[in-house]
Structure formats: structure tokens, C-alpha cells
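Taking it in order: structure first as C-alpha cells, then the write-up.
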Amino acid sequence: YIPDMVDYLKDNGYAHYDQGALVVDVKEETDTKEIPPCMILKSDGAALYDTTDLATIIQRMKLYKPDEICYLADKRQELHFVQCFRCARKAKLVNDDTVLSFIGFGTMNGKDGKPFKTREGGVMRLERLIGEINDEMYQKIVENRSVKDTDARGTAQIVGLSAIKYGDLSNQASKDYIFDVERFTSFEGNTGPYILYTIVRTKSILGKYKEEGNELKKGALLAPKSDSEKALMLSVSRFNGVVENAFEEKAPHKICAYIYELSNALNHFYHETKIIAEEDKKKQAGYISLVTLTRNVLTTCINVLGFDAPERM
């Protein structure tokens with residue numbers, strides 16, 4: 001794609017030579033800071049990131065005709081993408097209504113506030129980070145003796161992945177953050193394992209309800225009998241709005257904040273309410289419907305975030 005693109009930019013007067021390099025001017029009158037030209041070829045004829053990113057835009061438009069192309073990269077790459085996007089529009093490499101967006105992310109740092117490294121001081125590879133998190137979760141699960149030894153490794157992997165993904169996605173993308181293994185693997189607080197623990201709790205409640213010979217069927221939600229039940233209902237009802245807003249703003253941290261709030265509401269309701277011991281069957285069925293709905297919302301949200309919940313923890 002690059003040779004044809006270079007010819008196109010030259011032949012149509014978009015690109016010109018400046019000190020031997022082929023460039024496209026992309027500055028605009030409204031700019032408050034200097035925006036350098038987009039460099040297509042260096043003076044020795046070599047391609048750059050600008051070149052390959054623009055050629056990739058041409059390829060994507062040809063093959064996929066996307067409504068939007070979204071880039072996720074280090075926030076320090078913002079100027080590069082401003083240049084590329086302006087060049088793509090100026091040279092009509094995209095349609096007028098094609099959205100080109102950039103999400104700049106911050107750095108993941110250790111407790112010392114510096115980029116995350118191994119104990120030996122080297123760059124932390126993702127596979128090693130996953131290994132360390134899984135080992136940490138395995139030790140906690142074995143100590144709790146909450147699952148059989150044969151299931152402990154598998155459960156540790158599921159919960160460990162939630163700790164990493166939730167730990168990363170719960171922060172606003174553009175902000176730097178501290179990756180604290182001990183905190184992110186905790187079963188308490190705003191963490192992935194806490195969210196999964198809450199989901200497992202809902203599964204346990206529904207499991208006990210079935211064990212007593214009841215059917216799990218869609219039932220009506222009754223008027224709330226307590227403040228904690230009302231708070232849980234209100235929290236559940238925010239699901240659609242939260243997901244739509246997170247999508248519009250490309251902000252998964254808003255889904256994380258929501259399911260943390262929902263988990264707290266569920267656990268508060270659980271501790272205040274006798275669900276399985278409730279003798280009024282109609283009232284109990286209403287509680288079960290609310291717990292089922294809460295489980296479904298939490299499960300849907302973690303699926304959106306890219307992880308799953310185990311059956312037991």
C-alpha cells in the first residue's frame with residue numbers, strides 16, 4: 001500500500017519535499033501550539049510510523065469500510081495521531097463521516113511510582129505478571145480451603161485474570177496508576193476478586209433455593225421492604241444507562257465503578273435480609289428474582305470487561 005499511497009499524495013499535490021523529506025502540511029489556523037508536518041518519507045526514502053499508519057488506514061477503508069477507527073496507545077503518542085488523522089482527512093483517505101479517534105493510556109507503575117518492573121529490576125513481561133498473580137490467588141484459595149485442591153489451580157486462573165483486568169480497567173485510561181499485587185488480589189475493596197466473590201455469593205443463594213425444591217423462574221419484583229432492598233433495586237436499574245455512557249465515552253472504568261457499587265448494594269441487602277429462611281413464599285420469590293437479576297447484570301458486565309466468574313471461591 002505504501003508505494004501507491006506515496007504516488008497518490010505526490011500526484012494530487014498533498015505532499016511536497018522539504019529538505020529532502022516528503023511531507024504533508026497539517027497545521028491549521030486555529031492551532032494554539034505548533035503542529036509539525038506529517039512526514040511521509042525521510043530524506044533517505046525510508047518510511048516512518050506516519051507512513052505505515054496512513055497506509056494501514058487505506059487498507060482498512062478498502063477491506064472493512066469502518067464507521068470508526070479507534071486507536072489505543074500511550075498518551076505520549078497523541079501528536080503523532082493528530083498528524084496522521086489530519087493527513088488522512090486532508091488527502092481524503094477516509095470518508096467525511098469516518099470517525100478517527102485516539103485513546104491515550106497512562107503507565108502502569110509499581111509501588112515506587114515508577115514503571116512496573118520485576119524484583120530483579122527488568123521489564124515485567126505480561127506472562128510473568130499473570131504467573132505471579134495466579135500464584136498469589138492459588139495461595140489464598142488454598143489457605144481459605146474454599147474449593148477442592150483439584151479445582152484450586154483453575155479457580156486461581158479465573159480469579160487472577162479478573163484481578164489483572166479489573167485492576168487495569170477500573171482506572172481512567174489516560175491516568176497512570178499503581179499496580180499493587182496485594183491490593184488487586186484482595187477479596188475486599190474495589191477489586192476483581194471482590195466482584196467475583198459477590199457473583200459467587202448470588203450463585204450460592206440461588207443454588208440453596210433450588211436445593212430446597214424451588215424452581216428458578218422469572219418472577220415479579222415486589223415493592224421493597226427495606227432501605228437496602230430499595231438501594232439494590234435502584235442500583236440494578238442503572239445498568240442500561242451506565243453501559244450506554246461507557247460505550248459513548250469509551251470508558252470501561254465506569255462499568256467497573258458501577259459493578260463495585262452494585263456488589264456493595266447486594267452484599268448490604270444480603271447481610272440485612274433472611275432470604276433462604278424467609279417463610280413468606282411470595283416475599284421470598286421476590287427476593288430471589290432480585291438476586292437473579294443482580295447476578296445477570298454483574299455477569300453481563302464482567303463479560304463486557306473480558307473475564308468470567310467461577311462456580312466457587
Side-chain angles (χ1 to χ4, degrees), residues 32-33 35 49-50 52-53 56-57 60 64 66-86 88-89 94 98-117 123-130 132-133 159-186 189-196 238-264 297-308:
T32 55
K33 60 182 179 182
I35 304 293
Y49 280 128
D50 290 343
T52 52
D53 277 341
T56 304
I57 287 175
R60 286 174 177 152
Y64 309 114
D67 298 312
E68 178 175 6
I69 306 177
C70 180
Y71 293 81
L72 183 70
D74 190 310
K75 62 185 177 183
R76 291 169 291 187
Q77 298 291 319
E78 184 176 10
L79 176 59
H80 161 73
F81 286 104
V82 168
Q83 292 171 299
C84 279
F85 293 170
R86 287 188 180 183
R89 294 214 178 280
V94 295
T98 304
V99 178
L100 298 172
S101 58
F102 168 64
I103 300 174
F105 59 72
T107 55
M108 185 179 85
N109 301 323
K111 289 181 183 178
D112 58 1
K114 297 176 182 177
F116 206 66
K117 296 188 182 300
V123 175
M124 175 67 78
R125 292 177 64 86
L126 181 59
E127 61 184 351
R128 181 163 179 181
L129 178 65
I130 291 172
E132 287 191 10
I133 291 277
V159 182
L161 192 61
S162 81
I164 295 171
K165 289 194 172 185
Y166 188 90
D168 187 54
L169 295 173
S170 59
N171 295 277
Q172 190 172 335
S174 61
K175 293 183 177 178
D176 300 344
Y177 70 92
I178 304 296
F179 194 96
D180 184 341
V181 173
E182 287 77 23
R183 184 171 73 83
F184 283 16
T185 57
S186 173
N190 190 9
T191 68
Y194 172 70
I195 304 299
L196 297 196
R238 292 182 53 234
F239 169 68
N240 282 5
V242 168
V243 173
E244 286 174 7
N245 180 247
F247 170 72
E248 286 166 4
E249 297 186 15
K250 300 182 180 67
H253 69 278
K254 292 194 171 185
I255 294 178
C256 293
Y258 170 63
I259 57 176
Y260 178 53
E261 170 209 304
L262 182 57
S263 294
N264 284 336
V297 168
L298 287 171
T299 302
T300 299
C301 286
I302 67 169
N303 286 343
V304 167
L305 296 172
F307 55 93
D308 299 303

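Note that the structure is a prediction, hence the values are computed from the model and not measured.
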Subject >> Heavy-atom side-chain proximity of S101 to I69 below 4.5 angstrom >> reply: no
**OP:** Taking all non-hydrogen atoms of both residues into account, name the closest pair between I178 and G110 and its distance.
**Re:** CD1-O, 3.2 Å
Original post:
Below 4.0 angstrom, N of the basic side chain to O of the carboxylate: do K250 and E68 qualify?
Top reply: yes
Original post:
What are the two closest non-hydrogen atoms of I35 and R86, and how far apart are they?
Top reply: CG1-NH1, 3.8 Å
Subject >> Y194 versus N264, side-chain donor and acceptor atoms under 3.5 Å >> reply: yes
Subject >> Listed partners of D308 passing side-chain contact (heavy atoms from CB on, under 4.5 Å), at least two apart >> reply: N303
Original post:
Roughly how far, to the nearest 0.5 Å, is CD1 of I259 from CD1 of I195?
Top reply: 4.5 Å
Side-chain atoms of residues 76-83: list all donor-acceptor pairs with protein atoms under 3.5 Å, sequence neighbours left out, distances to 0.1 Å.
{"residue": "R76", "atom": "NE", "partner": "D74", "partner atom": "OD1", "Å": "3.0"}
{"residue": "R76", "atom": "NE", "partner": "D74", "partner atom": "OD2", "Å": "3.2"}
{"residue": "R76", "atom": "NH2", "partner": "D74", "partner atom": "OD2", "Å": "2.6"}
{"residue": "H80", "atom": "ND1", "partner": "D50", "partner atom": "OD1", "Å": "2.8"}
{"residue": "H80", "atom": "NE2", "partner": "D53", "partner atom": "OD2", "Å": "2.6"}
{"residue": "Q83", "atom": "NE2", "partner": "P36", "partner atom": "O", "Å": "3.0"}
{"residue": "Q83", "atom": "NE2", "partner": "P37", "partner atom": "O", "Å": "3.1"}

Original post:
To the nearest 0.5 Å, how far apart are CD1 in I255 and NE2 in H253?
Top reply: 10.5 Å
Original post:
Just wondering, more than 12 heavy atoms not from D67 lying within 6.0 Å of its CG?
Top reply: no
Original post:
Does G306 offer a backbone N or O that forms a donor-acceptor pair with the side chain of K165 under 3.5 Å?
Top reply: yes
Subject >> Rounded distance [0.5 Å steps], CG in L161 versus CD1 in I302 >> reply: 10.5 Å
Original post:
Can any side-chain N or O of Y166 pair as donor or acceptor with the backbone N or O of C256 at less than 3.5 Å?
Top reply: yes
Original post:
Does the side chain of K75 reach to within under 4.5 Å of the side chain of I103, using non-hydrogen atoms?
Top reply: no
**OP:** Over all heavy atoms of both residues, which pair between G167 and F184 is shortest? Give the atoms and the distance, please.
**Re:** CA-CE2, 3.4 Å
Original post:
Do the side chain of S186 and the main chain of R183 share a donor and acceptor less than 3.5 angstrom apart?
Top reply: no
**OP:** Output the distance between atom CD (E132) and atom CD (E127), rounded to the nearest 0.5 Å.
**Re:** 11.5 Å
Subject >> Pair E182-K111, salt bridge (charged side-chain N to carboxylate O under 4.0 Å, His left out): steps then yes or no >> reply: CA-CA 11 Å; E182 287 77 23; K111 289 181 183 178; 3.1 Å; yes
Original post:
Can you check salt bridge (charged side-chain N to carboxylate O under 4.0 Å, His left out) on D176 and K114, steps first, answer last?
Top reply: CA-CA 10 Å; D176 300 344; K114 297 176 182 177; over 6 Å; no
Original post:
At what distance, to the nearest 0.5 angstrom, does CE of M108 lie from CE of M124?
Top reply: 7.0 Å
Original post:
Under the side-chain contact (heavy atoms from CB on, under 4.5 Å) test, which residues partner E244, sequence neighbours left out?
Top reply: none
**OP:** Answer yes or no: is there a side-chain heavy-atom contact under 4.5 Å between F239 and C301?
**Re:** yes
Subject >> Smallest separation among heavy atoms of L169 and L305, with atom names >> reply: CD1-O, 3.5 Å
Subject >> Heavy-atom pair with the smallest gap, counting every atom of V159 and L196 >> reply: CA-CD1, 3.9 Å
Original post:
Any idea which heavy atoms bring G192 and S162 closest together, and the distance?
Top reply: C-OG, 3.5 Å
Original post:
Can you check whether F105 and Y177 have ring centres sitting under 6.0 Å from each other?
Top reply: no
**OP:** Measure the OG1-CZ distance between T107 and F179 for me, rounded to the nearest 0.5 Å.
**Re:** 13.5 Å
Original post:
So do Y260 and N190 actually touch side chain to side chain, heavy atoms under 4.5 Å?
Top reply: yes
Original post:
For the side chain of T98 and the backbone of V94, is there at least one donor-acceptor N/O pair under 3.5 Å apart?
Top reply: no
**OP:** Determine whether V297 and L262 make a side-chain contact, defined as any pair of heavy atoms from C-beta on separated by less than 4.5 Å.
**Re:** yes
